[in-house]
Amino acid sequence: MKKQNKQWYRIGEVARKLDIAVETIRMYEREGILLIEKTATGQRIFTNEDLNWLRCIRKLIKEERLNIEGIRRLLAMMPCWKIRPCSIEERSECPAFNGAMQPCWTMKEKIPLTCRAQNCRECSVYQTAAHCENIKEIVYNAYRVTDSRREG
DNA sequence: ATTCTGACA
DNA sequence: TGTCAGCA
């Protein structure tokens, strides 16, 4: 399937290529750890980036022994305020900054208008989270307390 | 033929 | 997580 110079796959193809049940893929989306584009008729369509993120999810589950909840929490801890710098005022009103248990794209309506993305799939926060094999490192580094006398 | 949503012995 | 119904 093609659409503007870009390769797209339907859920069945993805399931076959990655050996994941179609139902499982839909569940990942329901659980908020995956955001998928849909056609006007409601059909999910996947890009190569989506496939890569799905492979990462499988790896986190099989090798890092995380479950959906664990992945969701990891995603919820993405340092969005560093990826998309925001003001003190915005932060005070933002559930994503104030220790949310869900990724920001699952509570789009509660994100400050000044930061809210029109399309979360195109937002750098989602793209950073959903394409990275080393998401744990990103999160750990973002929260690590550094010694200001020796670093930064 | 394939996918979608919603429901559930 | 699976699966079946009834649609598009």
Side-chain angles (χ1 to χ4, degrees), chain A residues 1-84 86 90-144:
Chain A
M1 180 187 293
K2 235 161 185 194
K3 174 184 173 185
Q4 308 166 343
N5 174 43
K6 213 171 181 181
Q7 196 66 54
W8 293 89
Y9 310 87
R10 296 204 307 176
I11 198 165
E13 297 178 76
V14 177
R16 262 183 285 107
K17 286 170 78 78
L18 306 189
D19 192 33
I20 304 175
V22 166
E23 277 308 320
T24 304
I25 296 173
R26 293 202 185 104
M27 183 189 72
Y28 291 159
E29 186 183 27
R30 257 200 320 278
E31 298 286 348
I33 64 173
L34 180 63
L35 211 48
I36 296 302
E37 177 84 8
K38 287 190 180 180
T39 65
T41 56
Q43 307 279 297
R44 272 169 267 253
I45 50 175
F46 304 67
T47 63
N48 285 122
E49 288 69 46
D50 294 321
L51 299 210
N52 185 61
W53 174 229
L54 274 167
R55 289 192 195 92
C56 290
I57 289 175
R58 299 300 270 190
K59 187 175 180 181
L60 289 170
I61 292 173
K62 303 176 79 154
E63 295 180 25
E64 304 285 345
R65 309 212 61 190
L66 292 178
N67 54 21
I68 305 286
E69 181 65 23
I71 295 174
R72 184 192 296 115
R73 293 192 187 189
L74 206 49
L75 291 172
M77 292 179 76
M78 281 298 293
C80 59
W81 59 93
K82 292 187 177 182
I83 298 171
R84 295 183 60 187
C86 49
E90 287 175 284
R91 294 180 179 191
S92 68
E93 302 278 330
C94 186
F97 180 85
N98 298 303
M101 298 293 276
Q102 317 280 324
C104 56
W105 56 84
T106 65
M107 16 179 247
K108 192 177 175 184
E109 308 71 25
K110 296 180 178 171
I111 303 299
L113 285 164
T114 45
C115 179
R116 193 182 305 176
Q118 52 322 312
N119 180 349
C120 288
R121 265 176 67 79
E122 287 165 12
C123 172
S124 51
V125 176
Y126 177 76
Q127 294 190 357
T128 299
H131 99 284
C132 187
E133 294 81 353
N134 299 311
I135 183 169
K136 287 175 84 173
E137 276 64 31
I138 286 189
V139 171
Y140 289 157
N141 292 334
Y143 291 86
R144 189 183 56 203

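Here is how names work: the chains are called A, B, and so on, in the same order as the sequence lines, proteins then strands, and each is numbered from 1.
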Checklist entry - Is the shortest heavy-atom distance from the side chain of A/V14 to the side chain of A/I20 under 4.5 Å? => result no
Next on the checklist: Looking at B/dA1, which nucleotide sits across from it as a Watson-Crick or G-U wobble partner, both distances under 3.5 angstrom, or is there none?
Outcome noted: none
Next on the checklist: Return the pairing partner of B/dA9 with a 3.5 Å limit on both distances, Watson-Crick or G-U wobble; otherwise return none.
Outcome noted: none
Checklist outcome for this item: chain A vs DNA chain B, heavy-atom contacts under 4.0 Å, first-to-last nucleotide span, 5' to 3', is B/dT2 to B/dT5
Next on the checklist: I'd like to know if A/E69 and A/R72 make a salt bridge, using a cut-off of under 4.0 Å between side-chain N and carboxylate O.
Outcome noted: yes
Next on the checklist: Any carboxylate oxygen within less than 4.0 angstrom of a Lys/Arg side-chain nitrogen, looking at A/D50 and A/R121?
Outcome noted: yes
Checklist entry - Is a side-chain donor-acceptor pair under 3.5 Å present for A/E49 with A/T47? => result yes
Checklist entry - Looking just at side-chain N and O atoms, do A/Y9 and A/R16 make a donor-acceptor pair shorter than 3.5 Å? => result no
Checklist entry - Under the side-chain contact (heavy atoms from CB on, under 4.5 Å) criterion, do A/I25 and A/L34 qualify, and how do the steps go? => result CA-CA 9 Å; A/I25 296 173; A/L34 180 63; 4.2 Å; yes
Next on the checklist: How many whole angstroms separate atom CD1 of A/I68 from atom P of C/dT1?
Outcome noted: 6 Å
Next on the checklist: Just the rounded figure in Å: distance from P of C/dA8 to NZ of A/K38.
Outcome noted: 16 Å
Next on the checklist: Heavy atoms only, 4.0 Å cut-off, all strands: where does A/R44 land among base, sugar-phosphate and nothing?
Outcome noted: sugar-phosphate
